[in-house]
Amino acid sequence: MIRRLKNNALVLKLFRIIFVLLGGLPKKGNLVIFESFHAKQYSDSPRAIYEYMKEHYPDFQLVWSVDKQAAPLFDRFGVPYIRRFSLRWFMEFPRAKYWINNVRLPNWMPKPDETVYIQTWHGTPLKKLGTDIEEIHMPGTDTESYKRNFILEADKWDYLVSPNAYSTEIFTRAFEYSGKVIESGYPRNDVLSNYSDTLLSSIKKDLGIPEEKKVMLYAPTWRDNEFYQKGKYKFEFQFDLERWKREFGDEWVLLSRMHYLVAENFDFSAHEGIVYDVSTYPDIRDLYLVSDLLITDYSSVFFDYAILNRPIVFFMYDLESYRDQLRGFYIDIENDAPGPIVQTEAGLFTAINKLKDTDIRTHPKFNAFRNKFSSLEDGHAAQRVVEAFLE
């Protein structure tokens with residue numbers, strides 16, 4: 001019932017009043033509440049921080065705030081959670097001493113004065129963010145409202161996690177954030193520096209990928225102006241899967257990982273055993289680990305994937321419109337990308353063939369990119385973050 005009413009203005013006012021009243025009660029000093037991607041995932045830096053605290057801080061009560069639809073996932077992982085917007089959630093969330101999240105919370109949710117809100121965010125920025133975006137093309141908002149809501153959200157944060165100095169500069173300006181920054185590397189990337197062959201084999205087995213097959217990961221982002229409605233975006237493949245299969249299918253499999261905002265449900269049944277839909281796989285970090293090559297576009301995934309020293313191809317078929325009309329970029333991607341940029345299917349396949357057997361560490365441009373953006377990614381970011389907000 002709450003889910004059906006949560007967009008009603010009067011209901012949201014009531015929610016806010018309840019939150020303010022309960023937030024004034026004494027804090028539960030050892031209670032930490034986690035959310036990831038609007039309470040729909042068990043993933044990203046909140047997951048890495050949770051797993052670190054579970055091992056090293058057993059005296060803390062660690063609980064996830066979870067959307068009803070995601071509850072089976074958390075049941076499968078055996079992770080303690082409360083249903084988002086349930087009665088128990090209202091009793092617990094405003095009284096928790098610590099909130100850990102990677103996206104914005106609903107506008108109506110005030111942060112109690114004694115709550116410590118750690119915002120991990122969810123990527124090193126390539127495309128412009130927050131108040132740096134000149135014009136908003138997303139449904140359900142306009143440029144002025146979008147920027148105002150971003151500023152109001154950032155004002156709630158007590159700590160903001162940053163993966164590098166480059167991101168710190170952008171985050172503080174684009175979010176108009178003046179609080180404490182933990183420049184630590186991303187906790188979600190710790191596993192990319194601390195993995196074993198046994199873990200890789202286990203992930204492949206869970207995905208049903210034959211051990212001898214090489215793996216390509218296709219992980220594009222969403223387009224602000226291509227949507228069905230607010231929060232549901234369109235996406236169309238710009239390369240032919242049958243041609244991909246003929247070219248690479250004997251040796252490789254393709255993992256298709258759509259952004260969580262993309263609404264499409266792709267039918268890959270005609271390519272069973274060759275193309276795998278991993279859009280709902282719990283955490284992309286596992287997909288990075290088993291992939292031998294990444295295909296992406298403007299998604300920040302390439303900043304993380306570069307930590308693994310594996311090839312990256314940028315399939316930017318709409319580069320001009322995305323760069324000049326939708327978002328704009330913070331870096332000169334055409335000169336600084338740690339891999340080739342292609343705009344056609346033929347160019348994509350040629351680039352894959354050139355890179356698929358290459359040691360990318362011999363490429364000076366790749367190494368320069370990695371040194372600039374990944375120098376803090378040493379496998380201990382979660383530790384640094386937790387020690388910072390518990391000091």
Do [X] and [Y] have side-chain heavy atoms sitting under 4.5 Å apart?
| X | Y | answer |
| --- | --- | --- |
| Pro340 | Leu355 | yes |
| Leu294 | Arg310 | no |
| Pro46 | Glu35 | no |
| Arg188 | Asp304 | yes |
| Arg370 | His363 | no |
| Asn149 | Arg104 | yes |
| Asp158 | Lys111 | yes |
| Lys128 | Glu134 | yes |

Open item on the list: In terms of relative ring orientation, are Trp108 and Phe85 parallel, tilted or perpendicular, with 30° and 60° separating the classes?
Closed with: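 The rings of Trp108 and Phe85 sit tilted, inter-plane angle from 30° to 60°.
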
Open item on the list: Is the ring pair Phe60/Tyr98 parallel, tilted or perpendicular, if the boundaries are 30 and 60 degrees?
Closed with: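 Taking Tyr98 first and then Phe60, their aromatic rings sit tilted (interplane angle of 30° to 60°).
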
Give a yes or no on whether a salt bridge exists between [X] and [Y], defined as a side-chain N under 4.0 angstrom from a carboxylate O.
| X | Y | value |
| --- | --- | --- |
| Arg285 | Glu51 | yes |
| Asp336 | Lys372 | no |
| Lys28 | Glu92 | yes |
| Asp297 | Lys127 | no |

Taking every non-hydrogen atom, the tightest pair across [X] and [Y]:
| X | Y | result |
| --- | --- | --- |
| Thr296 | Ala219 | OG1-O, 2.7 Å |
| Gln238 | Glu345 | O-CB, 4.4 Å |
| Val342 | Val313 | CG2-CG1, 4.1 Å |
| Phe268 | Leu241 | CE2-CD1, 3.5 Å |
| Asn107 | Lys156 | O-NZ, 3.9 Å |
| Tyr159 | Glu391 | OH-OE2, 4.0 Å |

For [X] and [Y], which I'm curious about, is there any donor-acceptor pair between the side chains at under 3.5 Å?
| X | Y | answer |
| --- | --- | --- |
| Ser167 | Ser162 | no |
| Asn102 | Ser36 | yes |
| Asp75 | Tyr81 | yes |
| Trp89 | Ser65 | yes |
| Tyr281 | Asp286 | yes |

N/O donor-acceptor pair under 3.5 Å between [X] side chain and [Y] backbone:
| X | Y | value |
| --- | --- | --- |
| Lys365 | Asn335 | yes |
| Thr172 | Tyr177 | no |
| Ser202 | Thr198 | no |
| Tyr305 | Leu293 | yes |
| Asn8 | Val11 | yes |
| Trp64 | Arg47 | no |
| Asn371 | Asn367 | yes |

- [ ] Evaluate side-chain contact (heavy atoms from CB on, under 4.5 Å) for Val275 paired with Lys245, printing each intermediate quantity in order.
- [x] CA-CA 8 Å; Val275 181; Lys245 186 163 65 172; 6.0 Å; no

- [ ] Assess whether atom CD of Glu320 is packed by more than 12 heavy atoms of other residues, nucleotides or ligands within 6.0 Å.
- [x]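 It does: Glu320 CD has more than 12 such atoms within range.
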
Could you check, using the six-membered ring where one of them is a Trp, whether [X] and [Y] have ring centers closer than 6.0 angstrom?
| X | Y | result |
| --- | --- | --- |
| Phe303 | Phe369 | yes |
| Trp121 | Tyr186 | no |
| Phe248 | Phe349 | yes |

Task: Residues that Asp190 engages under side chain to side chain donor-acceptor pair (under 3.5 Å), provided they are two or more places apart - done: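 Applying side chain to side chain donor-acceptor pair (under 3.5 Å) to Asp190 gives none.
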
TODO: In sequence, state the C-alpha distance, the side-chain angles, and the governing distance for Ser145 and Asp142, and then conclude on side chain to side chain donor-acceptor pair (under 3.5 Å).
DONE: CA-CA 5 Å; Ser145 298; Asp142 56 44; 3.0 Å; yes

- [ ] Would you sort out whether Arg384 and Asp378 count as a salt bridge (charged side-chain N to carboxylate O under 4.0 Å, His left out), showing the intermediate values?
- [x] CA-CA 11 Å; Arg384 288 192 284 271; Asp378 60 359; 2.9 Å; yes

Open item on the list: Consider ring pair (Phe, Tyr, Trp, His ring centres under 6.0 Å). Of Tyr50, Tyr42, Phe34, which one does Phe74 pass it with?
Closed with: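 Among the candidates, only Tyr42 passes.
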
Open item on the list: Going by ring pair (Phe, Tyr, Trp, His ring centres under 6.0 Å), Phe237 matches just one of Phe315, Tyr218, Trp244. Which one?
Closed with: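 Exactly one candidate clears the test, Tyr218.
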
TODO: Say whether Val116 and Leu390 are linked into one hydrophobic cluster, either directly or through other cluster members, by side-chain heavy-atom distances under 4.5 angstrom.
DONE: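 Yes, Val116 and Leu390 fall within the same hydrophobic cluster.
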
Task: Shared hydrophobic cluster, Leu199 / Phe77 (ILVMFWY, side-chain heavy atoms < 4.5 Å) - done: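 Leu199 and Phe77: one cluster.
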
Spatial distance of atom [atom1] ([X]) from atom [atom2] ([Y]) [nearest 0.5 Å]:
| X | Y | atom1 | atom2 | result |
| --- | --- | --- | --- | --- |
| Lys356 | Thr358 | NZ | OG1 | 9.0 Å |
| Glu242 | Glu247 | CD | CD | 12.5 Å |
| Asn30 | Leu62 | CG | CG | 8.5 Å |
| Ile203 | Tyr195 | CD1 | OH | 10.5 Å |
| Glu153 | Glu176 | CD | CD | 14.0 Å |
| Lys27 | Thr115 | NZ | OG1 | 4.0 Å |

TODO: Quick one: do Ser291 and Leu255 satisfy side-chain contact (heavy atoms from CB on, under 4.5 Å)? Show the steps, please.
DONE: CA-CA 8 Å; Ser291 299; Leu255 305 184; 4.2 Å; yes

Task: Ring-face cation contact, Phe329 with Arg323, 6.0 Å cut, 45° max - done: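 Relative to the ring axis of Phe329, which defines the angle, Arg323 lies outside at least one limit.
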
Open item on the list: Here's one to test your reading of the geometry: is the NZ or CZ of Arg84 within 45 degrees of the ring axis of Phe15 and under 6.0 Å from its centre?
Closed with: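 Pair Arg84/Phe15 does not count as cation-pi.
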
TODO: For Tyr166, enumerate each residue passing the ring pair (Phe, Tyr, Trp, His ring centres under 6.0 Å) test, keeping only those at least two apart in sequence or located in another chain.
DONE: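 If we apply the ring pair (Phe, Tyr, Trp, His ring centres under 6.0 Å) test to Tyr166, skipping adjacent residues, the hits are Phe373.
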
TODO: Take Leu319 and Gln343, measure what side-chain contact (heavy atoms from CB on, under 4.5 Å) needs, and give me the verdict at the end.
DONE: CA-CA 8 Å; Leu319 174 59; Gln343 294 192 280; 3.5 Å; yes

Task: Residues in side chain to side chain contact (heavy atoms under 4.5 Å, CB included) contact with Asp292, at least two apart in sequence or another chain - done: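 Counting only residues at least two positions away or on another chain, Asp292 forms a side chain to side chain contact (heavy atoms under 4.5 Å, CB included) with Lys214, Val215, Trp252.
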
